[in-house]
Amino acid sequence: MPRLIIKSTMSKNQRFELPEGETIFGRENNCALVLPNVSVSRKHGRVVVGAQAVNIEDLESKSGILVNGERVEQAALKTGDEIQVGKFSMVYLGDGRQDRFYKGRFVEYLAEYTPGTVMLDDGAATFALTPDALKRLQQESHLVETARLRLETDKRRFWYPEDRPLTFGSKGMVQVEGWFTWGIAGEVVWDGRKHTLKRGTWWAPLRVNDEPVEQRRPLKDGDRVKVGKTTFVYEIHD
């Protein structure tokens, strides 16, 4: 069965199974897929699962629907497509064997989607998003989901910081080599728009592109991050 992975900046990813036929999504409680935020229209759009294809359609919503960053009125979905609906970011997965995993994680282990558990970072916002704001939000969401730190000496080893701190050092999530790296030597944090390398202990060697990091340093694609004697590459991995 095809499904949507529903993401929000303050909740864990959840899955929503798409039944055959039509699934209406929107802010109203009587929608099959409820997206409870004012950035979403009451009846925003629908997904239609057919025998040959799965299509998404905009139902004249205010902020529209983006698929992979482009606004669409109607589009056929393929595995991995990123969908932005208001402040909600979703990923479409088909029903093939390869679609049982999302970012290396077994999809069946994800919790089923429950609207009441969704937490967005806009507090009590009472406005609908403009198309430009919607596109910017999708870009930020894409960055959270795809950015990773790859070990420079072994391309098979990498870590996704996502929107939670990724720590380095003897007491961190990622072990590093070198003197003065005990405790938390450094961490990569999400500040709402970008990933930033933040110093931990003051004595730990911490560099980006061979330049010392005093307190914190925003990261961009291709940056070489060195903690102690271990070097990582920050990259946007699509």
Considering residues, nucleotides and ligands other than [X], do more than 12 of their heavy atoms fall under 6.0 Å from its [atom1]?
X: Glu108; atom1: CD; value: yes
X: Glu22; atom1: CD; value: yes
X: Asp154; atom1: CG; value: yes

To the nearest 0.5 Å, what is the distance between [atom1] ([X]) and [atom2] ([Y])?
X: Arg157; Y: Leu149; atom1: CZ; atom2: CG; result: 12.5 Å
X: Lys43; Y: Glu60; atom1: NZ; atom2: CD; result: 13.5 Å
X: Gln14; Y: Tyr113; atom1: CD; atom2: OH; result: 7.0 Å
X: Thr167; Y: Trp159; atom1: OG1; atom2: CH2; result: 11.5 Å
X: Leu59; Y: Ile65; atom1: CG; atom2: CD1; result: 7.0 Å

Give me the atom names and distance for the closest heavy-atom approach of [X] to [Y].
X: Lys229; Y: Lys226; result: CA-CE, 4.0 Å
X: Val85; Y: Met90; result: CG2-CE, 3.6 Å
X: Leu219; Y: Asp223; result: CA-OD2, 3.5 Å
X: Tyr234; Y: His195; result: OH-ND1, 2.9 Å
X: Phe88; Y: Gln84; result: O-NE2, 3.3 Å
X: Ala147; Y: Pro161; result: O-CD, 3.4 Å

- Message: Apply side-chain contact (heavy atoms from CB on, under 4.5 Å) to residues Leu66 and Glu82 and explain how you reach the verdict.
- Response: CA-CA 8 Å; Leu66 298 184; Glu82 294 194 12; over 6 Å; no

State whether the side chain of [X] and the backbone N or O of [Y] hold a donor-acceptor pair below 3.5 Å, judged by distance alone.
X: Ser61; Y: Ser41; answer: no
X: Asn209; Y: Glu211; answer: no
X: Tyr92; Y: Pro2; answer: no
X: Arg199; Y: Glu214; answer: yes
X: Glu57; Y: Val47; answer: no
X: Arg3; Y: Leu93; answer: no
X: Thr146; Y: Ile236; answer: no
X: His44; Y: Asp58; answer: no

Answer yes if [X] and [Y] sit in the same cluster of Ile, Leu, Val, Met, Phe, Trp and Tyr residues linked by side chain heavy atoms under 4.5 Å apart, and no otherwise.
X: Phe180; Y: Leu197; result: no
X: Phe16; Y: Ile24; result: no
X: Ile83; Y: Val48; result: no
X: Leu143; Y: Leu166; result: yes
X: Val174; Y: Val189; result: no

- Out of Leu206, Thr181, Val188, Thr230, which one pairs with Phe168 under the side-chain contact (heavy atoms from CB on, under 4.5 Å) rule? Val188

- Message: Checking Ile56 against Asp81 for the side-chain contact (heavy atoms from CB on, under 4.5 Å) test, could you report, in this order, the C-alpha distance in whole Å, the side-chain angles of both residues, the deciding distance, and whether it holds?
- Response: CA-CA 11 Å; Ile56 191 168; Asp81 279 347; over 6 Å; no

- What orientation do Trp203 and Trp182 show, parallel under 30°, tilted 30 to 60°, or perpendicular over 60°? tilted

- Given the rule in the side-chain contact (heavy atoms from CB on, under 4.5 Å) test, do Arg100 and Val107 qualify, once you have shown the distances and angles that lead to the verdict? CA-CA 5 Å; Arg100 299 175 63 195; Val107 172; 5.6 Å; no

- Item | Worked check of side-chain contact (heavy atoms from CB on, under 4.5 Å) between Thr196 and Lys194 | CA-CA 6 Å; Thr196 298; Lys194 59 187 177 300; 4.2 Å; yes

- Item | Beyond-backbone contact of Val176 with Phe232, side-chain heavy atoms, under 4.5 angstrom |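 Side-chain contact under 4.5 Å: yes.
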
- Query: Given side chains that start at C-beta, do those of Lys78 and Asn68 come closer than 4.5 Å, heavy atoms only?
  - Reply: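 In contact.
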
- Carboxylate-amine/guanidinium contact Arg207 Asp210, below 4.0 Å: no

- Looking at residues at least two apart in the chain, or sitting in another chain, which of them share a salt bridge (charged side-chain N to carboxylate O under 4.0 Å, His left out) with Glu73? none

